[in-house]
Structure formats: C-alpha cells, structure tokens
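Position 1 is the first residue of the sequence, and the numbers go up from there. Counting convention: from 1, in listed order, for ligands and their atoms alike.
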Amino acid sequence: MSFYETALKTGTKVFAVAPMIDWTDRHCRFLHRQLSRNALLYTEMVVADAIIHGPRERLLSFSPQEHPVALQLGGSDVGKLSEAIRIAADYGYDEIGLNVGCPSDRVQSGTFGACLMRDPGHVADLVTAMKKVSSVPVTVKCRIGVDDQEPADILPNFLARMVGAGADAIWIHARKAWLQGLSPKENREVPPLDYDLVHRMKRENPNVFLGINGGISDLDQAKTHLSVMDGVMLGRAAYQNTGLLAGVDAILDSDSPGGTRTPNLDWLALRDTMIAYAQDVIASGGRLHHVTRHMVGLFQGYAGARRFRQILSSEATRPGAGTDIIAAAFDAVDLAGETQRSAERIAG
Ligand SMILES: Cc1cc2nc3c(=O)[nH]c(=O)nc-3n(C[C@H](O)[C@H](O)[C@H](O)COP(=O)(O)O)c2cc1C
C-alpha cells in the first residue's frame, strides 16, 4: 500500500514542500529535512529529456537523509517520461510527480506543464504509462484551469481522468494559469485563488488523495486546509520563512510518511549538522554558498536575523569561503531565545 493510500485510510495528513526550480535542490532539501522529519520534499522540476541526455548524476543524486523525497518530472511524451522514470529508479525516489502546472514560455514550447490542462486525455495516457514503469506512487500537480477555461466545469473531469489513469495523488495549485501575458512569477500571484473549489473537489472525492497548494503562508492556514484536505503543500512560505518547517511535525500525526515527530528543534545541533554537511559539499567540489543560500530564511522575524542573513549572503559567497561563516552567522542570532520560542510554537 502506498503512503498515499495509507494516509487516506488512516486519515493521516501530508505536508509537502512544493517543487521549486532553482530553490528545492538537494542542499535545500537536506536543510528542510533537519527541520521536519515528516514533510514530503519535492525536487525542482526535472525535464525528462534532461535525464535521458543530460548529467544524470548531478540532476538526480540526493542524500539518503532527504527521504521521503519526490522527483517532479516535466514532459509530455510517453516514451521519454517512461525512460526518465526507468533511469531515476536507481536513485530511490519515493514518488514520481508530473508537472501540469508550470506556465513558463520555455515549458509551453515543449507543450508540457500547465498547457496540458487543456488535454486531460493525453495527461491520462502519460499517467497510465508512468504507472506501468514506476514502482513508487505517481502523482500529478496541476492548476484549476488555464486561460478561458471555467475551473468549476473542467476540474472535476480532469481529476476523474487522473484517477481513472491510476494517479495516486493530485496536488492542486488553487489558481488558474494564464498562458499568455503573465510571467511565471505573476502567474503565482495574479490569477485569484479559489480554495472553495478545491475544498469542494475533496468533498466530492472522498476516496481520492487531494492536496491543496497556493498562497498558504503559515501553519495556522495549513491546519485549516488540512481539516478539509488530505494534504497541504507550501512553496514560497516554506522557502522564505524556513523556520516555519520546525512546526510541521507537530501538526501532523506521528504516523505520517517519514517517521516520528520532531519533539523540539535544537538550533545548535542544526548549526553543527549544516556545518558538517557543508564541509562534505566543499570537499566534493561544491561551494559554501550552494548550501548557505537556502539558509537565509531560517530566523525570519527573530533577533539577529538581519545580521544572520547579511553574513550568509555576503561573506558566504566569497571565493574559498569556509564553514566558520555558518558558525559566525548563528552566533549573530539569539539562539537561546529562539529555542524557547520554537518550543512554545510547537506546544501551541
Ligand atoms: C522559484 C519557484 C520555482 C518554481 N518551480 C516549480 C517547479 O519546478 N514545478 C512546479 O510544479 N511548480 C513550481 N513552482 C510553483 C510552486 O510549486 C507552487 O505551486 C507555487 O509557488 C504556489 O505555492 P505557494 O504560494 O505556496 O508558493 C515554483 C515556484 C517558485 C516560487
């Protein structure tokens, strides 16, 4: 039984960090995993062609500590997606997700991403083929519609087609994508959110795992959605206010995928783990900044956060920068106060 089936059966909720190109790389996911044992972590979207022809190891390898981790694929060709899944199987991802929500020009010219919302039959064929070759759950991340589509009319059929094709879960970004005239960034902000519609889809599909995404900015909002939905997915808020993830396990059941609760966060242990991790990255040819660029949002709103950010964004980017900079950045934060507040947040 996949963890999505288990989640549905037991009522266990899933919290996911959204796939985000250039943001949710392996170093980002390693950091996020230190803050939450249970959050499901998505990769950046990786295009099937890139896996087949590109630098596989760099695109697909990740640390065992990142589990559970889902690989998000972009593509619209049955053969290529199947081949990409076969190649990725060796890396041990816990899920394969298909991107049906990304509106960028680059993605449209390959006719995949959000424009596939117009062709549910083809997406269903893709999912059927992906299920055939995948030994792990296959999921879809979509929008509520594109352009002049009427979401309330098209979404029920789209979801039914995905379910019919065997999709194990569907994550819905609760706004349309406008394929002309808006940048990808505007497409995450301008089209209005329609949470009511997504909640209604869940009520009408009690046996289908449905997760909601889009504009959810804190754990209180996440909890409210989880009272209706099976899963909640946060993108920008999780990345930009990373410390938020320290409260995730407390809002989920201890049975959710990935293990047990993180009772409290030990910030000094986190510092030491990140220093050791960054040392390994540097030793294998990477740069300190590859790790620290994902850490700047750790202490948003807390005493010393500004200095923490400054140290990480300026000093950590210098050539040859070493991990003493991580220690210096943590020294700038009132860690004792933060540990106390973190405990209160989790208790509350
Ligand atoms: C920098 C960035 C990159 C993104 N890349 C992807 C991607 O690779 N695949 C995808 O499905 N969505 C991508 N998205 C969209 C997010 O997954 C998410 O659907 C969107 O940000 C709305 O959620 P939020 O309001 O919680 O951020 C990206 C978003 C951002 C901010």
N/O of [X] under 3.5 Å from N/O of ligand 1, yes or no?
X	result
N213	yes
G215	yes
P19	yes
R236	yes
I216	no

Just to confirm my output: which protein heavy-atom neighbour is closest to [atom], and how far is it?
atom	answer
atom 26 (O) of ligand 1	G235 N, 2.8 Å
atom 5 (N) of ligand 1	I21 N, 2.8 Å
atom 30 (C) of ligand 1	R188 CZ, 3.4 Å

Where ligand 1 meets [X] - atom numbers and elements under 4.0 angstrom, heavy-atom basis:
X	answer
A18	17 (O)
N99	9 (N), 10 (C), 11 (O)
L234	26 (O)
K141	10 (C), 11 (O), 12 (N), 15 (C), 16 (C), 17 (O), 18 (C), 19 (O)

Just to check, does A237 reach to within less than 4.0 Å of ligand 1 when the distance is taken from its heavy atoms?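 Judged by the 4.0 Å heavy-atom criterion, A237 does not count as contacting ligand 1.
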Please determine whether any non-hydrogen atom of C102 lies less than 4.0 Å from an atom of ligand 1.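 The answer is no, since C102 has no heavy atom less than 4.0 Å from ligand 1.
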As a quick check of understanding, evaluate side-chain hydrogen bond (donor to acceptor under 3.5 Å, both in side chains) for H27 and R29, giving each step before the final call. CA-CA 5 Å; H27 306 316; R29 298 191 304 265; over 6 Å; no
I'd like to know whether the aromatic ring centres of [X] and [Y] sit less than 6.0 Å apart in this structure.
X	Y	result
F209	W171	yes
H32	H294	no
H67	F62	yes

Answer whether the closest heavy-atom distance between the side chains of [X] and [Y] falls below 4.5 Å.
X	Y	result
E95	L71	no
V14	L226	no
F299	D334	no

Would you kindly specify which portion of H173 sits under 4.0 Å from ligand 1, judged on non-hydrogen atoms: side chain, backbone, both or neither?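 For H173, only side-chain atoms sit under 4.0 Å from ligand 1.
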For ligand 1, note which part of Q72 has a heavy atom under 4.0 Å away: side chain, backbone, both or neither.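 Looking at Q72 and ligand 1, just side chain atoms fall under 4.0 Å.
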Are E57 and Y91 close enough that a side-chain donor and a side-chain acceptor fall under 3.5 Å?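 Yes, side-chain donor-acceptor contact under 3.5 Å.
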Check for a donor-acceptor pair, side chain of [X] on one end and backbone N or O of [Y] on the other, with a separation under 3.5 Å.
X	Y	value
Q279	T323	no
Q240	A237	no
D194	L197	yes

For atom 4 (C) of ligand 1, which candidate among R143, M20, M233 provides the closest heavy atom?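 It is M20 that holds the nearest heavy atom.
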